[in-house]
Structures are given as C-alpha cells and as structure tokens.
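If you're wondering where the values come from, they're calculated on a predicted model, not measured in any experiment. These numbers come from the heavy atoms of this one structure, side chains and all, not from hydrogens, waters or symmetry mates.
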Amino acid sequence: MNMPPTVVVLVVTLLVTMTSLGAAVTADALARRPRKRVPDRIGTAELHPRSTVFTAPAGHPDRRWHHIATRAWAICASTSALLVAFVGILILIG
C-alpha cells in the first residue's frame, strides 16, 4: 500500500492527537476524582518500639495523574496546531 508522505504525516498526526486526547481526558478525570481519606499513622512505630509496622508519609497519588493530564493536554494541543498548520500549508500550495 503506497501512500504519499503527506498522507502518512497527516494520519500519524491525527492518531497522536486522538490518542493524547483520550489520555488527557482519562487522566484529567482520575486527577479530579474525590480523594479517599487515609488515616495518618505516622509515628506508630515511635509510640510502640516493638511494633513491626513501619510507616512513611503517603504521597499524593492523584498528583501523578495531574502531571500526566497536563502533558497529554500539551501533546494534544501541539499536535492539533501542527495538523492545522500542515493542512493550511497544503491548501495554500495546492
């Protein structure tokens, strides 16, 4: 199947745009979901020296989704702009 290079570029850019849009929407929804309250058990081992439970401060797992959503929205916006510019150039040329 021979496709001209311009069609290949358009198809790849469109696929990347749609994939990043799906990832951005999913990650954004996961970042905005209500957080579950986890009881703070830091210092349990200090109070009970024989305790075998080691605790550490829990990070924010939703922050990771926020960063993924931000990157995915940036990729989606940049590929959309690239796609619009590429199609505009093709219209001006042809």
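- Criterion: ILVMFWY side-chain heavy atoms under 4.5 Å apart, direct or through other members. Under it, Leu15 and Val7 are part of a common hydrophobic cluster.
- No side-chain heavy atom of Thr79 sits under 4.5 Å from any side-chain heavy atom of Leu83.
- In this structure, Trp73 and Asp28 have side chains that are in contact, with non-hydrogen atoms separated by less than 4.5 Å.
- Leu90 and Val12 fall into different hydrophobic clusters, where Ile, Leu, Val, Met, Phe, Trp and Tyr residues are linked whenever their side-chain heavy atoms come under 4.5 Å apart, directly or through other members.
- With contacts defined as side-chain heavy-atom distances shorter than 4.5 Å, the pair Thr17/Ile75 does not qualify.
- Val84 and Leu10 fall into different hydrophobic clusters, where Ile, Leu, Val, Met, Phe, Trp and Tyr residues are linked whenever their side-chain heavy atoms come under 4.5 Å apart, directly or through other members.
- In this structure, Phe86 and Thr13 have side chains that are not in contact, with every pair of non-hydrogen atoms separated by 4.5 Å or more.
- If you chain together hydrophobic residues whose side chains sit under 4.5 Å apart, Val9 and Ile93 never meet in one group.
- With Ile68 as reference, Arg64 is the one residue of His66, Arg64, Arg71 to meet the side-chain contact (heavy atoms from CB on, under 4.5 Å) rule.
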